[in-house]
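A, B, ... follow the sequence lines: proteins, then strands. Residue 1 opens every chain. Keep in mind that the numbers below use all heavy atoms, side chains included, and drop hydrogens, waters and symmetry copies.
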Amino acid sequence: MIIVSEEERYGLLISAVMRRMCLGLSTKLLNISVASLCRTRQLEKAEAALIDGIRLGVLPDVVTYNILITGYCQVVGFDAGYHVIHRMKEAGINPNLITYNSLMAGATRQGSLACCLDMLDEMLDRGIVPDVWSYNTLMHCFFKMGRSDEAYRIFSEILLKNISPCQATYNILINGLCKNGYIKNAMMLFRNLQRQGYVPQIVTYNILMNALCKLKRWKGIMRLFDEIRELGIAPNAITYTTAMKCCFGSRRYKEGLQIFFEMKSGGYAYDLFSCCTIVAALVKSGRRLAAERCIAHMIKIGYDLDIASYNTLINWHFKEGKLEKAYNLLGVAESRGLDCDIYTHTILIDGLCKAGNFDVAERHLSHMKTMGFNCLVASNCFINSLCKAGYIDYALQVFNSSDMRDSCTYSSLVNNLSKQRRYRLAAQLMLSCIRSGCGYWHAKHSAEALNASGSVPMGSYHVVSIPSDFSL
DNA sequence: GTAGGGTTAG
């Protein structure tokens, strides 16, 4: 038996407490550093920090592993995140509610409903009670997969189980309804909630504004935008970007730029998203100098450009007729490991067509098809440029050999056929456009074509004068 | 853990 004095006993006690305090503090510090590395996608460094910690006697806890799981899910994918659970078990740490919620979020991000449901099952098997966030995430996952009915069932389950929905629950519900085409229902739900005293967040307004933007409902958006200000809710960069996009999308460049100036004068740092929105609009409306100024700003700030930003800049070079610069920039994007997406290919094809390089454009179009991309817009660019360059019969061949068409496809053909006074064919195409449910567009030549062909009663459409020397 | 950017016709 070792005899220790009273003094020694106190000393040992104090040192144990100190060690524990130190350990607690250090694990917390370790977690902060791992979290910050994971947030900046530096997983290898996060792992190195973990190893260093263990070497120094600082053991990771459940929080450390949960942070790692979130990081792996975000950077690599769900499987990599799930793998961390095995490491937790080896370290003798049990996964908790946050572990499974993070994994469900990871599964949702990559659109895997099966994994999301598996995580819920595993959670229940372990006797962990899901919270509002588990249900929020599951609801989000169902909506993301287009399964609105089941998503709504999860919302009902939240209420049935007497779990209090949080702000995000309603946001996810409203967003899910909007993204699945139930914008009217989402709007009604929003107004009903407001009548019941629900105070919407800026996120809620952003979701609704974005939904109306897709419908090109400019007035509706502006009403919401005014409402935000009346309620004293502070708009953020997303609100401004969405409002601007809607203005630009409906060709209200003046109003869009006004919002941009309001954002600037309000001291909002305009980020990469808003920069791309503005540059794209300036390029499209031919405001060359303003576009250049904005691009110079983008470069000066030193944003970490992603593929969408490169697409914006590549498109700018093409519109300026600088093909070589466009290709160089594409090379830069690829060398940075960024994958070209549907926009990149479409922009390339459009750029090639506008430069009159139809052979290469056509080859790239078939290459795009073999890669499994949806080529509707790219094909429309090809058809439209062929028409404008006078190769309208070849454009018709391309049109007839493909079943991909929308109102843009018809619009290009009808307008250009009408310009060549080939009204009969133009009218036929226009009617088949309307019959196929592609929608209708307002164009001088389309109306001419219809009126001239006598296919529909005069006055049904926007009527314009018909050339006096016209004959069918 | 919920919201925003980039491509075609008129």
Q.
Among residues at least two apart in sequence or on other chains, which ones pass side chain to side chain donor-acceptor pair (under 3.5 Å) with Tyr303(A)?
A. none
Q: Pick base, sugar-phosphate or nothing for Ser309(A), based on heavy-atom distances below 4.0 Å to the nucleic acid.
A: base
(Q) Among dA3(B), dT8(B), dG1(B), which nucleotide has an atom closest to any side-chain atom of Asp350(A)? (A) dT8(B)
Q) Counting side-chain heavy atoms from CB outward, which of dT2(B), dT8(B), dG5(B) is closest to Phe273(A)? A) dG5(B)
Q: Measure from the side-chain heavy atoms of Ala308(A) and tell me the nearest of dT8(B), dG5(B), dA3(B).
A: dG5(B)
Q: Using a heavy-atom cut-off of under 4.0 Å over every strand shown, decide if Arg251(A) touches base, sugar-phosphate, or nothing.
A: base
(Q) Please report the distance, rounded to the nearest Å, between NE2 in His140(A) and P in dG1(B). (A) 11 Å
Q) With a non-hydrogen cut-off below 4.0 angstrom, is Lys214(A) in contact with a base, only sugar-phosphate, or nothing? A) nothing
Q) Looking only at side-chain N and O atoms, does Asn206(A) come under 4.0 Å of OP1 or OP2 in dG4(B)? A) no
(Q) Heavy atoms from C-beta onward define the side chain here; which of dA9(B), dG4(B), dA3(B) lies closest to that of Ser274(A)? (A) dG4(B)
Q: Measure up the Tyr170(A) and Phe155(A) rings against each other and bin them: parallel (under 30°), tilted (30 to 60°), perpendicular (over 60°).
A: perpendicular
Q | Nearest to side-chain heavy atoms of Lys388(A), which nucleotide of dT7(B), dG10(B), dG5(B) | A | dG10(B)
Q) What does Cys408(A) touch in the nucleic acid at a heavy-atom separation under 4.0 angstrom: a base, only the sugar-phosphate, or nothing? A) base
Q: Please work out if Ile307(A) contacts a base, only the sugar-phosphate, or nothing of the nucleic acid, heavy-atom cut-off 4.0 Å.
A: base
**Q.** Among dT8(B), dA3(B), dG5(B), the nucleotide that comes nearest once only the side chain of Ile207(A) is considered
**A.** dA3(B)
**Q.** Under-4.0 Å side-chain N/O to phosphate OP1/OP2 contact, Asn210(A) with dG4(B)
**A.** yes
Q.
Is there a side chain to side chain donor-acceptor pair (under 3.5 Å) between Thr344(A) and Asp341(A)? Walk through the geometry before answering.
A. CA-CA 5 Å; Thr344(A) 326; Asp341(A) 63 4; 2.8 Å; yes
Q) Quick one: Leu365(A) CG to dT7(B) C1', roughly how many Å, whole number? A) 13 Å
Q. Between Ser418(A) and Asn415(A), is any side-chain donor less than 3.5 angstrom from a side-chain acceptor?
A. no
Q. Rounding to a whole Å, what distance do you find between Phe143(A):CZ and dG1(B):C1'?
A. 16 Å
Q | Spacing of Met104(A) atom CE relative to dT2(B) atom P, expressed in whole Å | A | 13 Å
(Q) Can you classify the ring geometry of Phe373(A) versus His345(A) as parallel (below 30°), tilted (30 to 60°) or perpendicular (above 60°)? (A) tilted
Q | Length of the CG-P vector between Leu212(A) and dG4(B), whole Å | A | 13 Å
Q.
So if I take every side-chain heavy atom of Ser412(A) and compare against dA9(B), dG1(B), dA3(B), which nucleotide ends up nearest?
A. dA9(B)
Q.
Among residues 235-244 of chain A, which ones have heavy-atom contacts with DNA chain B below 4.0 Å?
A. Asn236(A), Ala237(A), Ile238(A), Thr241(A), Thr242(A)
Q) Please give, in whole Å, the distance from dG1(B) P to Tyr72(A) OH? A) 17 Å
**Q.** Distance below 4.0 Å between Lys245(A) side-chain N/O and dG4(B) OP1 or OP2
**A.** no
Q.
Determine whether a donor-acceptor pair (one donor, one acceptor, N or O, separation below 3.5 Å) exists between the side chain of Asp271(A) and the base of dG5(B).
A. no
Q | Spacing of Lys319(A) atom NZ and Lys354(A) atom NZ [to the nearest 0.5 Å] | A | 4.5 Å
Q. If you check every side-chain atom of Tyr343(A), which of dG5(B), dG1(B), dT7(B) has the closest atom?
A. dT7(B)
Q: Please determine if a side-chain N or O atom of Lys179(A) lies less than 4.0 Å away from the OP1 or OP2 oxygen of dT2(B).
A: no
Q. For Arg223(A), which residues count as a side-chain contact (heavy atoms from CB on, under 4.5 Å) partner, sequence neighbours excluded?
A. none
Q. NA contact type, Asn101(A), heavy-atom cut-off 4.0 Å: base, sugar-phosphate, or nothing?
A. base
Q) Reckon Leu272(A) touches a base, only the sugar-phosphate, or nothing at all at heavy-atom distances under 4.0 Å? A) base
(Q) Output the rounded distance in Å from CG (Leu352(A)) to P (dT7(B)). (A) 17 Å
(Q) Classify Lys319(A) by what it touches in the nucleic acid, base, sugar-phosphate, or nothing, heavy-atom distance under 4.0 Å. (A) sugar-phosphate
Q. What's the closest nucleotide to the Ala280(A) side chain, out of dA3(B), dG5(B), dT7(B)?
A. dT7(B)
Q | Output field: ring centroids Phe225(A)/Tyr240(A) closer than 6.0 Å | A | yes
**Q.** Test: Arg153(A) and Asp149(A) ion pair at under 4.0 Å
**A.** no
